[in-house]
Amino acid sequence: MKEINWEKAFTIYFDMENGLADKKPIQRRLSDMKDMYYDSEAVEDLINENPLIYEYYDLGAPEHEGDLAFGTSIVYPGKVGNEYFMTKGHFHSILDTAEVYFCLRGKGCMMMESPEGDWDVQELTPGKALYVPKRYAHRSINIGNEPLITFFAFRADAGHDYGTIESKGFRKLIVETDGKMEIINNPNWK
Ligand code: NI
């Protein structure tokens, strides 16, 4: 794909089945986020296989408050131990910026958490739009058995703070217990 000119109207095609565009996605494998899963033995068992957990597009929107960054995110089905495949999750560097997700395919959840510790989980199914309010960290989690594909859009200069979640984790995790999703306290939360 050629360079996008953000000063002009443009279109970009995302495949509704697999979420992919004619551009190289950013990929995250287990090795990129191994400390984010609470079951470290399960991580060790899977680390040689190093599965692709998720991928997403950064189209390079100018980091300007008047622009919008957007793209698709594809979280693959699977589990590390009993914890579902998920994205790393992040706060926005400009905390007071929201984000919209629209679910195109699959079954998932969005885990959200504010710096003060308020948290929420919303289910994502095709056709559902989710408003992630400003100030909330967000992580997509695939609780189904096909790819979870979402389209997202946020203020282009919001920035990403991955470090806070990397060092502290989310307070709550989503695991599978007896074939059903369950929200548990994160034993490693700091
Ligand atoms: Ni975001």
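Order of appearance sets the numbers: ligands from 1, and atoms from 1 within every ligand.
A donor-acceptor pair under 3.5 Å is formed between the side chain of Asn50 and the backbone N or O of Leu30. Looking at Arg139, its side chain never comes within 3.5 Å of a backbone N or O of Met111 through a donor-acceptor pair.
No more than 12 heavy atoms of other residues, nucleotides or ligands sit less than 6.0 Å from atom NZ of Lys34. Counted within 6.0 Å of NZ on Lys172, heavy atoms from surrounding residues, nucleotides or ligands total more than 12; the atom is thus considered enclosed.
Glu99 has its closest N, O or S atom to the Ni ion (ligand 1) at the position named OE1. Nearest N/O/S atom of His92 with respect to the Ni ion (ligand 1) is recorded as NE2. Nearest N/O/S atom of His138 with respect to the Ni ion (ligand 1) is recorded as NE2.
Taking backbone and side chain together, His90 holds an N, O or S atom under 2.8 Å from the Ni ion (ligand 1).
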